[in-house]
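Below, read A as the first sequence line, B as the second, and so on, with proteins coming before strands; counting in each chain starts at 1.
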Amino acid sequence: MDKKPRLRFAPSPTGGLHIGGVRTVLYNYLFAKQHGGDFVLRIEDTDQGRFVAGAEEYIYETLHWCGLEPDESPLKPGLFGPYRQSERKPLYRNYADQLIDRGLAYYAFDTPEELEHRRKTTPNFQYNVATRAGLRNSLTLTDQEVKILIEKGIPYTIRIRMPENEEIRFTDMIRGELVFQTSLVDDKVLLKADGMPTYHLAVVVDDFLMEITHVFRGEEWLSSAPVHILLWKHLYGEDKMPRWAHLPLILKPDGNGKLSKRDGDRLGFPVFAMDWTDPRNGEKTTGFKERGFLPEAFINFLALQGWNDGTEQEVFSLEELILKFSIDRVHKGGAKFNYEKAKWFNSEWIKKLPVTHYLPQVKASLEQQGISVKKDDQLKTVMELVRDRCSLLSDFAGQSAFFFRYPATIDLASVQPKWNEQKNLFFAELIRTYELIPRWEHEELERTFKEIAAVNEIKTGELMLPLRIMLVGQKSGPGVFHIAEVLGRKETFDRIRKGLQLLS
RNA sequence: GCCGCGUUGGUCAAUCGGUUAAGACGCAUCCCUUUCACGGAUGAAUGAGGGGUUCGAUUCCCCUACGCGGUACCA
């Protein structure tokens, strides 16, 4: 690579950031970092009608949570600002005019209503080589007429003039050589009547001005790529053009089609990275973060949705991804979103990371359930005991609540039928012996327990379940003596006594 | 409709002309654990269809089917 790579993510701030968007960020970021380049965040807010309050802040927060910090952004301007297209408005006009002067673009005076009418009445209507001669534009009007219309303040757009019968070729880093016939591409609007550029003009101008070297974007942009390529040729020369890669889509799990927010609502999994509340209707969409995902797992999962390193490794840290990512191993076909697999990645990361790494979140979720934990050390021990049975951070509260308060329900039904006086006596003796035990520690507790059982000639197996039920309330959980150790002498006795009472 | 891009188990996927077509998730069975989970073992399950090219195609080419994306003064 001769130049320092510069890649960008250019979202339109219109709502929550969807996992497809995060994956696009990720691939851009990984490539930039791998090659010692920069990752730029540019806000594409040229559509003033679609402004959504808070959407831009949400993007920053999401990127931050994911650990994908931009090197340059509206919040952290570099040498190529401003980083919001709405603030770059004056820049674009000049390029549009330049294209007009060179006959590569033209003024179009057709109103949106007129065009809509044409689209309704003419099947397959496109504003292109075939139809532009019959429409109201500077190609069909005389210079004098055009001048008058402009002077009178009649609204107009500037459209690119697609050449006739030419081929536009380019190399996509994922898909290889691509060819488009210019006659079949329509004359896209470059500058809107409000003076704002459309995406097509703005991307090209900004990517040039910001010295972007690689454009990785979603597959939905592939069909407009020829317009962008042509603009690059006209404006800056093909040699200046960034390299392109069109990323496969993330598809809905059932059926086909691009994954949408609705699929998440319908199937019960998150689609956005973080919670998003639409300010227009107050509608709330839950995110991976709030569902209990670790950013490490979320990123890991997303990276593997459309890419792999060719080995059997699946668990990658961000650092490893930076090292191993390669754009030419990105797939062409879309991947169906698999929530079960996402959770698997999370359980892997829960096991891999030190529990202290996510202890604050677990503590907060326990607090939400009215359990306030005083000693972090104790929580840490508990978390280490239960982490294997948690695939989401939000599972911890349910798995560990009984350590901190007496169980809400006691499953007596699973011990009652086989309960007898002999067992009753056993537990009474157990308490007496445990009172004298010097070290309150699980191995010691277990040994003592078994000794007493042997003396009383009761099978240990007959007694373990009752103990568990008394301490936990149910049949699951970590090793019962580990639990007793954490609970401590007094609490263990209290629970056994309470259990005995319930069983008698 | 038109243009473009895709298509290996239920899902994610390896393979870059020769393999018993990996591995993972999920599922099933078993082992471990005197519980549940973790872990371990085993198993069921895959090249859309049709033509070529080739000694040999999952792999290269063509056609068909299917799917998706685009077809806005949205990005």
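- The separation between A/L259 atom CG and B/C12 atom C1' is 15 Å, rounded to whole Å.
- Distance CG (A/L184) to P (B/G70): 19 Å, rounded to an integer number of Å.
- Rounded to a whole Å, the CD atom of A/E314 is 11 Å from the P atom of B/A14.
- One can place CG of A/D186 at 18 Å from P of B/G1, the figure rounded to the nearest angstrom.
- Here A/D47 lies in heavy-atom contact (under 4.0 Å) with sugar-phosphate atoms only.
- Among the protein residues, A/G306 comes within range of the sugar-phosphate backbone only, with heavy atoms under 4.0 Å from sugar or phosphate atoms but none that close to a base.
- Taking atom CD on A/E167 and atom P on B/C3, their separation rounds to 14 Å, with Å as the unit.
- For the pair A/H331 NE2 and B/G69 P, the computed distance is 20 Å after rounding to whole Å.
- With a cut-off of 3.5 Å on both pairing distances, the Watson-Crick or G-U wobble partner of B/G18 is B/C55.
- Counting any heavy atom pair closer than 4.0 Å across all strands shown, A/L463 reaches no nucleic acid atom.
- Annotation: A/Y358 is in aromatic contact with A/F396 [ring centroid separation under 6.0 Å].
- Taking atom CZ of residue A/R84 and atom C1' of nucleotide B/A75, one finds them 17 Å apart after rounding to whole Å.
- Classified by interplanar angle (parallel below 30°, tilted 30° to 60°, perpendicular above 60°), the ring pair A/F301/A/F337 is perpendicular.
- The separation between A/K332 atom NZ and B/U15 atom P is 12 Å, rounded to whole Å.
- Of the nucleotides present, none pairs with B/A37 by Watson-Crick or G-U wobble criteria with both distances under 3.5 Å.
- Residue contacts for A/P123: at a heavy-atom cut-off of 4.0 Å it reaches no nucleic acid atom on any strand shown.
- B/A45 is unpaired under the Watson-Crick or G-U wobble criterion, no partner having all donor-acceptor distances under 3.5 Å.
- A/F208 and A/W232 have perpendicular rings, their planes meeting at more than 60° on a 0 to 90° scale where under 30° would count as parallel.
- No engagement by A/L465 is indicated, since no non-hydrogen atom pair under 4.0 Å with the nucleic acid exists.
- Nucleotides of RNA chain B nearest to A/R329 and A/P11 differ in position, and the one nearer the 5' end is that of A/R329.
- Using modelled atom types and a 3.5 Å distance limit, the side chains of A/N137 and A/Y127 yield a donor-acceptor pair.
- Dashed line: the shortest gap from a side-chain N or O of A/K351 to OP1 or OP2 of B/G39 is under 4.0 Å.
- Backbone-only engagement by A/Q126 is indicated by non-hydrogen atom pairs under 4.0 Å involving sugar-phosphate atoms exclusively.
- A/S476 comes within 4.0 angstrom of a base, heavy atoms only.
- Across all strands shown, B/G10 forms a Watson-Crick or G-U wobble pair with B/C25, both key distances being under 3.5 Å.
- Side-chain contact check for A/R50 versus A/P13: every heavy-atom pair is 4.5 Å or farther apart.
- The partner of B/C2 is B/G70, judged by Watson-Crick or G-U wobble contacts that both fall below 3.5 Å.
- Here A/R217 lies out of heavy-atom contact (under 4.0 Å) with every strand.
- At a threshold of 4.0 angstrom between heavy atoms, the contacts of A/K475 include nucleobase atoms, whether or not backbone atoms are also involved.
- Within the nucleic acid shown, A/S347 has no heavy atom closer than 4.0 Å to any nucleic acid atom.
- Using a 30° and 60° split on the angle between ring planes, A/F288 and A/F298 fall in the tilted class, from 30° to 60°.
- As judged by a 4.0 angstrom heavy-atom cut-off over every strand, A/K258 is placed among residues touching the sugar-phosphate backbone only.
- In this structure, A/W307 and A/F325 have tilted ring planes: the angle between them lies in the 30° to 60° band.
- Residue A/R159 is classed as a sugar-phosphate contact, given heavy-atom separations below 4.0 Å to backbone atoms only.
- Map A/E340 and A/G477 each onto its nearest nucleotide of RNA chain B; the residue landing nearer the 5' end is A/E340.
- Using a 4.0 Å heavy-atom cutoff across all strands shown, A/L191 reaches no nucleic acid atom at all.
- Distances shorter than 4.0 Å separate none of the side-chain N or O atoms of A/T198 from OP1 or OP2 on B/C74.
- A/F180 comes within contact range of the sugar-phosphate backbone alone, with a heavy-atom separation under 4.0 Å but no base atom that close.
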